[in-house]
Every structure is written in structure tokens, then in C-alpha cells.
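Structure first, then comments.
What you are looking at is a predicted structure, and each value in this text was computed from that prediction instead of being measured. Below, chains carry the letters A, B, ... as their sequence lines are ordered, and counting in each starts from 1.
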Amino acid sequence: MEYRPGDIEPKWRKWWKENHVYQVKNQGDKPKYYVLDMFPYPSGAGLHVGHPLGYIASDILSRFKRLQGFNVLHPMGYDSFGLPAEQYAIQTGQHPAITTEQNIARYREQLENIGFSFDWSREVRTSNPEYYKWTQWIFIQLFNHYYDLEADKAMPISTLTARIAQSGNATVRAVCDDDTPVISAAEWNGMSEKEQQLFLLKYRITFPGEEFVNWCPALGSVLSNDEVKDGVSERGGHPVERKLMKQWVMRITAYADRLLEGLNTIDWSDSIKEQQRNWIGKSVGASVKFSVEGFDNQSIEVFTTRVDTIYGVSLMVLAPELDLVKVLTTDAQRNAVEGYIKWSAGRSEIERMADSKKATGVFTGAYAINPANGARVPIWIADYVLAGYGTGAVMAVPSGDQRDWNFAQEFNLPVIPILDSQQGLDTAADPTKEGHYINSGLINGMTYAEAVPTLIQWLEKEGIGRGKTQYKLRNAVFSRQRYWGEPVPARWVDDVPYVLEEKDLPLVLPAVDKYLPTESGEPPLARAVGWDYELSTMPGWAGSSWYFYRYMDPKNDQAFCSREAMDYWQQVDFYIGGSEHAVGHLLYSRFWNHFLHDLGLVPNREFAKKLVNQGMIQGRSNFVYRAKERFFEEYLMIKVLKPCLDEFGPIMIGGAEFEEEIKYDFAFETNNLVIEVTSSKQLDKIERIRTAALSDGKRLLVLHTEWLTQHINEPTVVAEKIRQALGGKEDFSATEGPFRIEHLFVSHSLMYKYSPDAVTKLHVDVNIVDNDVLDLDKARKLPMFANANFKVDAEGKYTCSWEVEKMSKSKFNVVNPDDVVAEYGADCFRMFEMFLGPITDAKPWNTKGITGVSGFLRKFWSMFFEGEQFSISDAEPTRDELRVLHHCIKKVTDDIERMSMNTCVSHFMIATNDLRSLKCNKRAVLEPLVIMLTPFGPHMAEELWHQLGHTDSVCDAAWPAFDEALIKTDTKEYPIQINGKLRATIELPTDISAADAEAAALALDQVQKWLEGQAPKKVVFVPGRMINIVI
RNA sequence: GCCCGGGUGGUGAAAUGGUAGACACGAGGGACUUAAAAUCCCUUGACCUUACCGGUCGUACGGGUUCGAGUCCCGUCUCGGGCACCA
């Protein structure tokens, strides 16, 4: 019976739905397993084939775990607030909720079409008020807490106020604004309500602050750093300026250290962890004050991660932009310094970076005093030091830092060795921490580990420095000047923010007349009638920072998730998604989770145990080549004139570079004929050349490009036309219309003959291209190919060139999974996506090769049928058959565990090929294979499972057990190597002794040939592997 | 500049330090067919040699460790991603 996915797949999808096969309960005696996909933003473009890659992998894992006896949670939902819907609303006036609804319906349809085992009863949407009620609720908790450094966790703000009222804030160790003053209990108690509230904002974990933000006037919105590219907004390309604005801010810096530490406890991909570490950017070091000679009231503070190198300082370097520079510069140096400042101000950061090998800088004339040894060191300015970071000053240690070394080298400053292990200081810096200190006063003879605490202690005692940990991480701006996001549940009273009570949640997004900022630049919410709440909304990452808990208990209206549900599901066991969310989503989620854990609201510090990044599927664009006039000249030359040179006689060939001497495209000596190639529309040009030809006494033949286009695949017709003209007597002749054809497209396979600038390269829709061959019938229906002809190759094919690009509509390289499913079936689509390669790798989509998977499914299916009849034998399987089965069980089981889905597909193919050559149709072999196929091709598996006589779902079958004994063989074909190179093979018993194996190998003719009578130096025998003979 | 990954046939790729290129695609040849589709069989890293047998070279490049290296180590080149002079 023929395999017809179009019939069986919808049937089983309906059956699964009706029987609630994928509904999961929050209980049971099975162990739990939580598989999560990063949820999608439902864009208007729908899903393309790149999106489901991760979902297929997670679906396979989910179904596999279920077959192994786990209670598996595998949910899906939508991150449905966001800017694209809002921009669409601005354009069309349609409420974003409506378009979002439509987009979600489209996504759902596409996702269902692929046969995922999602429990749709748990679907969540961040834009749903029942959902964002709890996003707002968490926001309120953040507002009502501060980070206490003694408890090392978030504590209620009431704890803080009680303490301050009791004894002031001097003894409070908490994360707060840098400018928080020390106040006494009396001062606090004397404050008005307003003053107290404003004071507390310095402690709250979310608070309104004044922050420099990327303000985009055109979008009326603040953009995050990663939404700004080259000074313009990523979406729309509008200019962006730095602007100080009142913004809600999240005090994520309070959690910097814990977020860093937590990375060591989770099994996430190295690249994500590394990115998060870099983002947090912890540097442990010291801050040291250098006094300035002759300026009693000036000092230069530097932060260094290598305070141990302080005795090697040979100069101070300041960023040229610093105000201090002007103060310190001596009159003698003023001209040079000002010149340098001017020059460096004109340099872009890119230039500053590109030139980092060549040091530039100017001496200010001033000297600083090294507090460690009293040494007088010159103060320079150089633009390798940036004002924006730290204090904008560096203590330069040429022996330990390459940039400082370059600088010293350039300007002849001393390089002071500080460690006895430093080497090659005359050619480069040596940043080693090994060895013992020299030239280093206080720390002479010490090791790095001893020197750092010694120095810091001394600096602190002397009051000239202190140990300091610096983070790159900044507090996260939480406000967006947008409409389509969660309203911030706060109200301003006399410039003081108050958050709502839980009973007043959700604060529902109000209706507005337009989705634009107001004329006065206020956010769209200012347009809402009677709205007296905060005007900004929350950013995209708010709703996605806790959604994994909502899936556990999606309908709860008493809590964001019940304790019971959390106690059961705990945390995500396996999280899969794109690495582009490395920081935005994954770091902020961890931050919120740490916070919720501090409050005892969630069971674990980290929400996801394991995380895998799927690689991006890139687009594979196809291109066609549209001929310019120049192409036809080259064509005539190559395809028509050259083959007939003898017949036509000598020809002068014109062209751009000979325009002065030769007016015509081609000139024949025979019969005074000249040829001009041009479009029939160029009436003026034709007339001009006709006149010129008359006065030159030439006979003119005009070949219209439209005519040539029509006859492009028939060079003999063109040659005949020329032949007629050569033999004729008319002074003027031309090809005749009517011409309907306007454009010529040239096959890429022919392009090597023609110059690239004779054609225009254009994107063509990949959906009408198969294996880089353009489907001409489909192409002619497109506007771009209306009235076009194609220059095809000898086989009549039009081939396209290709390039890997991002998958996008504008590049015509988007492939819709629905189309692939319609042609090959969902099972085939699923398996093919997996077969492409490791899921972590980025790769271009190319449907080429899908026939291999499609063929496999048909072969697998055919094992169960004899003609039209389902035919399965209950006979005992042979040893060979069992070996094939168990080999497959082992490989597939191991490979799913390590997420190597592509090799799983290969193993299925191998097993199928083997069993087919064994003509096996035995239930004992095929039924376990059906179960194993379930995660990959669930529809086919369910169909065959029922054909095999079962009435329950194959999803609840038991994963077959592997039996090692069944894959054992009596003999093994051993490779025989001579000096590590394969020279022969020999069949030997598996349990052979080393001595026997050696003897058998040496007895071989091929081995004797290499030995040439000598005894081998050594024989290596690895049981079950190989034999290597060393000569 | 720094950090993290990669680099294997025409293509996607496979390979716990142990027979490099499994499994597929594409290509070529053949069978079946009125024909096409579908299906099946054979060949397919490069080169040399050949009737058969066989040989040389091959996992970006150069070294090293090892009986044995795609795999481990050092250096170089190169592609991709991240960070942006983070002191």
C-alpha cells in the first residue's frame, strides 16, 4: 500500500486532539520532565522553516522522555507584546490586539500542521490581562523590596524603614544609589511622607531614575542598546539621540555577583555563559589615588585589576577629553596638548580602535606621585584611554601591559621589570603573574597571591586606595515610551510614585485614539481618557521573564503559579532557543528568578537546568541574470559571428573603448555591412546611426534586442539574418516586430562566457527554483518574467546562482513549512530538518536532499505491506534481524540523549535498508522500531501502531530496551595497519587472544610483503579494534 | 584588540586517540517502462597504475606528542558569533 501522508497525518492529528493525548497533569507517579522552547513573537510574516527547528528537536526529546516513562510538560505560548504590532497599528489604525490575535491564529495553524505534542490547554500569551496581571504583580514586589547585603537577598522595604526609623541608615548595608546620604533616625522621622518616599527610591529594586537613554524621536520611543545600530534605530533606521529621561529602572546590579556565581550551577551552553559573564563584566582590583605634583587639591584616581604592578608604573595616562587635562597642562606643553585633543576629538571610535597597535599621545608637562614608592611619573594624554570608562585614567605599567608597553616604546619611557619571571621585555610586555616581585618595595620577594592583599591592606590603612570590585553591568531601563506593552501599575502623586494594590490588578491597557506619542512627546498612553497612571509601558522582556512558571498553572487567578504546581514541576529541565536571547531574555529572567526565590516564591535559584542553543537556519537565495544591451553584443560575437567567421569574412568589433574609432557595434569588410544592436524603442539612436551610415557609405543592419531575445536560443536564425544582409543590396535593414518580449534572462550556467556587467543580478523567489533550476512555467506567471525570454543551456535548463543570506521576504528566500508539509508530509519535514545537521549549527535551508528522507519513510512503510495488504509475521526473528534492531536501539537512544538528531535519522535509514535486504516483516522487530520512530515521525508511527492492532496511542508505548548480548558477533573484521596505515583486513574471532591475533596478522601475505623478511619491531593489538604492526 | 566557536568530497554531513568520508543529496552508468514518474542495481575524495591486484596523497596551513591524530598540544592563516580601548 502506498504511503500517503496527506491522508494519515490529518487523521491522527484529529484523533490526538479528540483524545487529549497531549494533555498533561500536574501529578502522577511518573518522574517529571519539563521541556521548554523559547516562545515566539507572533509576527505577521508567519513561521518560516527556520522557526520550527528547535521545536522539532524539543518535541523529539519530549516524546522520547514520555516513551521512557516520564510525565513530560511541553508547552507553547506567545510573547505577544511588541513593537512590530504597534508599528502596524500606527500605519493602519487597527488595534494591535486584533492583528496579534490574527497572527497567533496563523502561528497556531502552522504549528499544529507539524504535529507537535504541545499541551495547548496550557497556552499563555503575555498580552492577555489574566497573564500580565501577574507581570504587574511581580513588578509591585520589586518595588516593595530592597537588596540587603547582610542577608544577601531581597528584603521587604518595610524592614528597611523600620531600621531607619530606629537607628538611621548608617549601619544599613544595602544596595542603593551612589548618592544616598547618610541620615539619622531623627532626620528620617522628621521627613515628610513625600521626602521619605523619595528617599526610599534610592533603595527599591525597581525605581524611577534619571537615565541617559537612546531616544528615537521618530518612533517616539526609547530603544535598548541592541535596538540601535550605527546611531539609528534598527527598525526603521531613524536617528537616535542620547537623552536624559525619567525611566523606571531595575536594580539588576544588586544581583551581579549572584548572577555570575549562578552560572557555575547550570548546564547551559558555554557561549551563553561566556556572553553573560562578559555582560556582567566583573573585575576585581583596587582603586588607587595618585597625587599630582604642585596641585595640593588635585589627585588622580585610577582603577586597576593589577594593583600588584604598581611599582612598575612609569607614567599616568589620561583620556584627552577629561577636564582635568586642561588644569594640569603646563604652558610649555599647552600647544601640543590642545593640538592632540583637537585631533583625537575628530577621530571616530573605530579609528581609535584600529590604530591600537601604534601608540599616540602627548606629555602634559605635569607629574604624578606614585603613592607606593614616591616616584615622580609623567602624566600623558592618549586616546587609547576612554573618558567614558571608570575614571578615564590609567596607571601605565609597560612591563605588564602590551598597550602601555607600545606607548613606552613609542615615547622612550622606561620599562620597569617587576617580576623575576618576566621575559623578553625588550620586545613585548609580559603580563605574567608567576614568580616573585622585584623593584617592588613593600612586596619584594612575594608571589602574586601574597602581594595583592598586602598592598590593598596597606593602601586602605594609608587612606590612598581600597580594594574594589567593578562591574560592567548597568541597571536595566525598564520603561518604554510605547503603547503595546504591559502598563506599569503605578500612579504619580505629587511627583512620588505609588504602586497599586494587588486587588486593583490587572491594570488593563486602555484604549487610545492613536498609537503615536502626543504632540508634546508624551507616550501614547497620555492619549487615554481618564488615565492617571504611569504613561510608559514595560519592555519586551518583562512578560518573558517568568512565563515558564505560568505554564505549570496557566489558569490560576489567585497566584502567578500555585505552590503545588511549582513543587511538582520545580524548574525547566531542558530549555532550547536561539543564542540571540543570550542577554536580553536569559539574563533578565535569571535576575527575576533570583528575586522571586529570595521572596520564597519559587523553589529554585535558577529556572532552567540545561539550555541548548539551536543554530539559525539561514536563507539560501537564488539569483537570475537579466541581460543589458551589452550582453547581446557579446552574444552575437560568441555564439553567432565567431563560429561563422570564415563565411562572414573579417569583422571589426566595436565597443565602449573603441567608440571614437568605430561607431558601429560590428563592421564587416564584406559588402560594406555594419550592424547595430539596440532596443527598438531607441528610435533616435537608430535614426542617428542610419544617417551616419549613409554618409559613411555603409550598409546598416539593425538587430533589435527584442528580436534577439525572441531568437536567443536559435543562433542559426540570427546567423541567417546576417547572411541575408551580407548578400543583399539594401542600404538599411532591420529586424521586424511586433515585439512582445522585453527582457532576456540568461542562465547562470552560461554566464562564464559573458562579462558580469552585461547583466543585472536579481533575487528570484526560491519557491519556483528546484535544485537551482528555475521552473520556467511557474516563472512566466510572475510579473518580473512577464514578456521575458530565457537563454537556457544545452539541456534546456535555466540555472540560478545562489548565496546564503538571512531568511527574509525582501530576499525572496522564505520557505513556508506549510508548503513543505503539503508536498512531503509533516513527518518528512520533521525528519528532514533534523537530518540537515547538528541542531546547534547554523546552516542554510536547502530543500535539496529532502527526497532522501521521503524515500526512507516510504521504504519504512513498505516493510509492513505486501502489495495492498498489511502483512506482519509473528515468527521468531533471526539473530541478524535482532542485531539490526538492537544496534538501532542503542544508537538512537544514545543520540537523542545527546541531542544528535541528525545521526538518529541516519540510524533509522541504516536499519531500514538492512531489514529490507533481510526481507524482514516480523512484528518482534518492526514494532519496537515503530515506537522508536514516534518522536520523529509521530503520524506514521501512530498509523502503523494501530495497524499492528493497538487501540491506545503509540505515545504511551514503552521505549524498547537495549540488549547488549544481541549485538555481539562471533567474528570481527580486524584492520591490519603497518606503521599506522591500513594495509589489510582479516576476519578473526571476537574473543581471540593477543598472541593468536598477532600470529594471524603476521601470517598474511600482504603483511609479509611489507615486512620483507624482517621481524616487526612491535605489534599493537587493541581487542575489538585493530592490529598495528610497527616495522 | 580581546573572548568563544568553526574550517573534512561537487553538497548537507559522520567518525569514545584506532579501517576518514557512515547516512543522504547531486552527478554518471544500467534495469524496468510505449514514455514519463516511481522503483531497483552499479560507480562516485584526488591522483597513479591496472585485465585483476595494487600504490601515492588527502580532514585549512606548519610543527609536535603517540605504535597510531580529523580528534590531543604549540604556532599560523581564515570564516562565523560576541564584546567594544572594561585598565
Separation of [N] [atom2] from [X] [atom1] (nearest whole Å):
| X | N | atom1 | atom2 | value |
| --- | --- | --- | --- | --- |
| A:L982 | B:U56 | CG | C1' | 15 Å |
| A:Y974 | B:U19 | OH | C1' | 13 Å |
| A:M395 | B:A87 | CE | C1' | 9 Å |
| A:W405 | B:C85 | CH2 | C1' | 19 Å |
| A:M834 | B:A14 | CE | P | 13 Å |
| A:N846 | B:A13 | CG | P | 11 Å |

Here's a test of your reading of the structure: between A:D841 and A:M1026, which maps to the more 5' nucleotide of RNA chain B?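 Result: A:D841.
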Think A:N902 has a side-chain N or O under 4.0 angstrom from the OP1 or OP2 of B:C23?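 No.
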Does A:R858 place a side-chain N or O at less than 4.0 Å from the phosphate oxygens OP1/OP2 of B:U39?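 Indeed, a polar side-chain atom of A:R858 lies that close.
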State which of [options] makes the closest approach to the side chain of [X].
| X | options | answer |
| --- | --- | --- |
| A:T903 | B:G12, B:A14, B:G18 | B:A14 |
| A:K972 | B:A22, B:C67, B:U19 | B:U19 |
| A:K848 | B:C40, B:G26, B:A14 | B:G26 |
| A:L836 | B:A24, B:G12, B:G18 | B:G12 |

Considering Watson-Crick and G-U wobble pairs with both distances under 3.5 Å, what does [N] pair with?
| N | result |
| --- | --- |
| B:U39 | B:A31 |
| B:A60 | B:U76 |
| B:G1 | B:C83 |

Taking the chi torsion of B:G9, is it syn (within 90° of 0) or anti (everything else)?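 Here the answer is syn: the torsion falls within 90° of 0.
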I'd like to know if A:R306 pairs up with A:D308 as an ion pair, taking the criterion as any Lys NZ or Arg NE/NH1/NH2 lying under 4.0 Å from an Asp or Glu carboxylate oxygen.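 Looking at A:R306 and A:D308, the cut-off is met.
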When you measure from the centre of the six-membered ring of A:Y471, is the NZ or CZ of A:K282 under 6.0 Å away and within 45° of the axis?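 No - A:K282 does not lie over the ring of A:Y471 by the 6.0 Å and 45° rule.
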Out of A:L988, A:V1007, A:V1020, A:T985, which one pairs with A:I1027 under the side-chain contact (heavy atoms from CB on, under 4.5 Å) rule?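 One option only clears the test, and that one is A:L988.
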Would you state whether a donor and an acceptor, one from the side chain of A:N1028 and one from the base of B:C67, lie under 3.5 Å apart?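 Present.
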Hey, is the side chain of A:R1025 pairing donor to acceptor with the base of B:U16 inside 3.5 Å?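 Under the 3.5 Å cut-off, the side chain and the base do form a donor-acceptor pair.
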Any donor-acceptor pair under 3.5 Å linking the side chain of A:T912 with the backbone of A:F908?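 The answer is yes, because a donor-acceptor pair under 3.5 Å joins these two groups.
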Shortest non-hydrogen contact from A:L611 to A:I272?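 Result for this residue pair: CD2-CG1, 3.9 Å.
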